[in-house]
Amino acid sequence: MIKNFIKVAIRNLMNRKFYSIINILGLSIGLTCTILIALFVQNELSYDKHHKNHKRIYRLESHFNIQESEDLFAATALPLGPALKLEYPQDVAEFCRFMDMDNNLFQYEEKQIFEENVYYADSTLAEVFTHEFISGSPSDALNDPNEIILTESFAKRIFDDIDPIGKTLETGNGAIYTITGIIKDVPHNSHLRFEAIASFITLKQFFGADRFDSLESAAFWNIGFYSYIMLTENGDIQNVLDAYPEFNEKYIKPVGEQINAKFQLLVQPLADVHLFSKLGYDLPTGDITYVYIFSIVALFLLLIGCINYMNLATSQSAGRAVEVGIRKVVGAQKQYLRWQFIFESILIAAMAMILAFVAVELILPTFNELADRELIFGFIANLDLVVGILIITFLVGLLSGSYPAFYLSSFVPVEVLKGKLGKNKGTLRKILVLLQFSISIIMIIGTFTVIQQLNFLKDKDLGFDDENVVVLTIRDTSGVRNLQAFKDELKKHPQIINAGTTSSVPGQSHGIIVHLFETKDGSMQEKGINFVFVDNDYLETMDMKIIKGRNYDRDLQTDAEESCLINEATVEVLGWGENPIGKKLGFGANLDGTANLNTKVIGVIKDFHYASLRNQIDPLLIMLSDDPQRNICLRIRQENIGETLEFIEEKWNEFCPTFPFEYTFLDDSLNEQYVAEQKIGSVFTYFSVLCIFIACLGLFGLASYTAEQRTKEISIRKVMGASVSNIVFILSKEFSVWVLLANIIAWPLAYFALQKWLQNFAYAVDQSLLTYFLAGITALLIALVTVSFRSFKAAQTNPAEALKYE
Amino acid sequence: MIKTVDLTKFYRTDEVETTALNNVNMEITKGEFVAIMGPSGCGKSTLLNLIGLLDNPNKGELHFNDTEVSKHTERMRTNLRKSNIGFIFQSFNLIDELTVYENVELPLLYIKMSSADRKKRVTEVLDRMKIAHRAKHFPQQLSGGQQQRVAVARAVVTKPKLILADEPTGNLDSANGEEVMDLLTQLNEEGTTIVMVTHSPSHAEYAHRVIQLFDGHIVTENIKKEFHL
C-alpha cells in the first residue's frame, strides 16, 4: 500500500510540475531561512556557556549615583572582587579581574605583531573560566609578574612552528614577558575575547604596591577593570547582594559621602552578559532585541512558507476528486484515503526539507558574512536543530495534508464522479492569503523604516563636520612626545587643511569625572560630567561652533589653566540660563572634597553628538590641554585623498616608527556605531524580499488555480462580450481586496513593533503614514502583477475550446 | 440477490426537494442481466448507486443477498462493496496517475490480497480483456475502447458477484460499444449478475430484462430473453 502511495504521490508531483515547484520552493525557502536564523539565535544564546562554571560566575558592574545623574558601567574598581571574596568566603569562591593592555605591539626577535585583544588577568583565570591549555600549567601560568599566555593562533602568528613556552616577548613600551602557557583559541561566542593574557600581578609595578593592594575607600571610586566572581558550590549571589549595605558602609561610603556620590553593586550572570548588558565602557555585546527580532522574522518566514504549502495543497485537492471517488468505489475506507493524503503531504514537505538543508550548506558562508558570525551547520553538531526542523516539517506536512485528507475523503463518490464537487468557496485559503500578506506588509514597513532610520543616523547634523576627517590614534609614547612636531609637519601638506588633537574623538567613550560647579546662589556643588581634552586647533579642525563667548586663545597662557568650554547641554543641566560665561567650575573634585576652583567658563559650544545617536547629548566640558593627546584629527581636502594618505603614512613612519600606520575616516568609524542596525537593515531587506517572494509564489499558484476553476465562467463572459481587461479585472479584484485588508492587520502591529525599536535611539525618525501607504501599495502592486500575469493568460483562452471541454 | 421495497431517494437543496426515486419495488435474481432505461433525470443512476451501496436511500428497504443494508454505515457498505460489486462508468473513471496494470490492481489492494496473488489475478484479467500489452501505459495513452476495457478489467478483477455498469458504452463508438457488450454478456454467462443503465435500445437487447424508469417510478418491465436459474 505504501508503495502505491509513493508512486501516486510522485506521479502527481510530476503531472503538476508547476504547482509542485511553487510548493516545494516556497516551503524550502521558509525552512532555509528558519534554519539560518535558528543557527544565529542559537549562537547568540550560547555565549559563554562553554565555561564549565558559568552558572556560578557573575560579572560585577558599577552603578554610580552622583547628584541626579546615574551612570552604569561594565568596569569596576580594582579592590571590589578581592574585598567581596574576603568578606563573603562562604559565597564567593574566587574572583578574576581583567584590564586592557595598552601597549599592543609584540616583538619576538625581528618579528613584530600588533594585537589589540590583550588583557592583564588574575592568576585565577584558569580556575574561574574554562580555557583548554595546550601547554603550560593552568594553575601557575600567571602567578608571577611578566608572564603571559597566548592563544594557539596568536602563538602561531609569532612563532610559526617553534615551541613558544619559555620564550620572551617584548612589548612596545619595553616590558618583557615570558610565555608560560598556550591555550586553545577563545571561542567566537565569548563576550570577552583575547589573544593573550598577561599576569595581573605585573600591574603591581605600574600601580605601586600601595595602590595595588589597597582596600581603602578611595580605591573603590576609581574604575577600569572587568571583574568576575565565581560563587562557591553552595554559594548564592543573593546573599552577597543582601549583605551589600554593610559592605558599602565599610568600604565605599566613606569617600562617597565626601563627594556626595553613591555606588551600587550590580551583578550579571556570565551567560547573560552578551545579550543583556548595555553599560558604559562595555565590551562589544549583542542585543536580546535582535534575537527577538530575528526569531520573529524566522517565524514569519516559516509561517508564510507553511501557509503557502497548505494553500496550494488544498487548492490542488479538487484535482484529486475523481481519484478519491474511484478509490472509494473500489473499496477504500476513509482512513486509507486520509493516510494517503497525509503521507503525500509529508513526503513533499520532506523534499522541501532536504532542499533546505542543501541550501543552508550553500548559503551559510554568505550569511556568516552578512551577520558577521562563524556559524557552522552539522547534523551531529546541531542535532537539536535538525530534530526541530524534522518535527516542524512533519507537522507542516501533517497539517497541510490533513485538510485535503479530511475534505477529500468526505466526498460522496457518486457526486465526485459526476463532476459535482462540493462548493468550496476557499474562504480558508483567502484568510491564509490575508495572513501571508499581513506578514509581508509588516516586513516591508519594517524594511522601509529601518532604512529610513539608518539614513537618518547617517545624515543627521552632528554639530560638527565629520566628512574628510582622518583620525590617527597614537599608541606609542615616543610618538606622543613628538606630537607637536608631527602635527606641524603634517600641516605643511597643501591638502591638509588643519590638524587638532583630542583625548577622545566623537564615538569614543569620554571620561566622566566629578566636578564642582557654581549654583544659582553662588555655592559650589558636585556633579559627574563628561570631559574631553583638546588642543587649540581641535574645534576649528572639527568645525564645531562657539555660540557664546570665545574659543581658546593660544596667546593667553591662562586658558590652559583656568578656562573651560562647555556645551549647551551643560548650561541646560546646571541651570546657568542666559549667562553661563564666567561661571566657576572646579575641574575634578578631589577625593578629599577639594577641587581646583579657578576654572571659569569662557565659551559655550553648540551641542554636538560625541556619543552615538542612541543617546541624548549629555553635558560635556571641553578642556584645553598642552599635554599630548592620543588622537590626531586631520581635516583634508576631498581631492587626491590617496596621495594625501601616502604623505601622512610617510610622516607617520618618520615620527612613530614602532607602530604600523593605521588611520580611520571619522564618518566611517561613526557609522560603525550602527553596525548592528545596518546588519538588521540588510537582513530585513533580504528577508522581506523572501517573504514577498514566497507569498507571491503562493498567490500565483492560487491565481492559476482560480483561473482554472473559472475557465467556464471566463468563457461565458467572453461569449457575452467581456474584454480581456474586464476578465483580468474580475480575477484580480478578489485577491486585491484581501491584500488591501491585510494592511488593516499589518499597520498597527508594524507600528507598535517599530515604535519599540525606535525607542533604542534618542534621535529617531518619525514614523510617517506615507511609509505605510507605500508599503501597502508595494504589496498590492506586487500582488496585482502576480495575479494579472495569470489572469491575463486565462482571459485570452478561446471560449469555444473551454466550453467544448466543459 | 437484490430486492428493493419502496425504495425512495430525494435530494434536498436549500429551497428545493427533488425526488429521484419514488417507492421503487423490484427484484434482481442471481445471474440475471438487467438493463435499466429511461429519459435523463428519471433516476436510473440513482437506482444504480443505491444498489451499488454508494449511497443510502431516504426510505424503503434494500436487500443485498438477503441482508437488509439500507441502514448500513459507510464503513459497512464499503466492506460489502469491495468484495461483491464491480463498477463500470460511462467516463471510464480511471486514475490518470496509475498505469493500466495499477488501475486494475487497485481494488485488490483494498481487499489485502498478497502481492503474488495480485500479480497473477491482474495478469489473468488483462489477458482476458486483451489489454495485457498495454499494462505499463497510462490511461491517457489509450483509446476510449481500450480505456473501457481496462475499466471492465478493474470491475471484474475481484471476481464480484454483481457488476453495475452506468452507460458503459455511452462514450464509445459502435464497434467498441459492441465489444464491451460482448464482454458483459460473456461475464454474465459465467454467472455474474449484471445491472446496466443504458440509453441504447440495441444494447438493452443484450439483457434478459429491461426496466423502464420514468420520474423515479418503474413504468414497465420487459422480459427480453428467457432466463433460468
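Every heavy atom of this structure was used, including side-chain atoms; hydrogens, water molecules and symmetry mates were not. Computed from a predicted structure; not experimentally measured. Each chain gets a letter, A, B and so on, in the order the sequences are listed, and its residues count up from 1.
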Check: B/T99 and A/R11 side chains under 4.5 Å, non-hydrogen atoms: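 Counting from C-beta outward, A/R11 and B/T99 do come under 4.5 Å.
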Minimum side-chain heavy-atom gap B/Y110-A/R327 below 4.5 Å: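 Counting from C-beta outward, B/Y110 and A/R327 do come under 4.5 Å.
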Contact class of A/K334 relative to chain B, heavy atoms under 4.5 angstrom: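 Side chain only.
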Contacting moiety of A/N15, where chain B heavy atoms sit under 4.5 Å: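 The side chain, not the backbone.
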Closest non-hydrogen atom pair between B/K82 and A/V330, with its separation: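 Closest approach of B/K82 to A/V330, heavy atoms only: CB-O, 3.8 Å.
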About how many Å separate [atom2] of [Y] and [atom1] of [X], when rounded to the nearest 0.5 Å?
X	Y	atom1	atom2	result
A/E323	B/E97	CD	CD	6.0 Å
A/Y336	B/T78	OH	OG1	11.5 Å
B/R81	A/K328	CZ	NZ	8.0 Å

Atom [atom1] of [X]: over 12 foreign heavy atoms under 6.0 Å:
X	atom1	result
A/F18	CZ	yes
B/F10	CZ	yes
B/D66	CG	no
A/F693	CZ	no
A/F5	CZ	yes
B/K119	NZ	no

Interchain contact, [X] with chain A, by part (heavy-atom threshold 4.5 Å):
X	answer
B/R77	neither
B/L94	backbone
B/N79	both
B/E102	side chain

Test side chain to side chain contact (heavy atoms under 4.5 Å, CB included) applied to A/I326 and B/F87, step by step: CA-CA 9 Å; A/I326 295 167; B/F87 286 87; over 6 Å; no
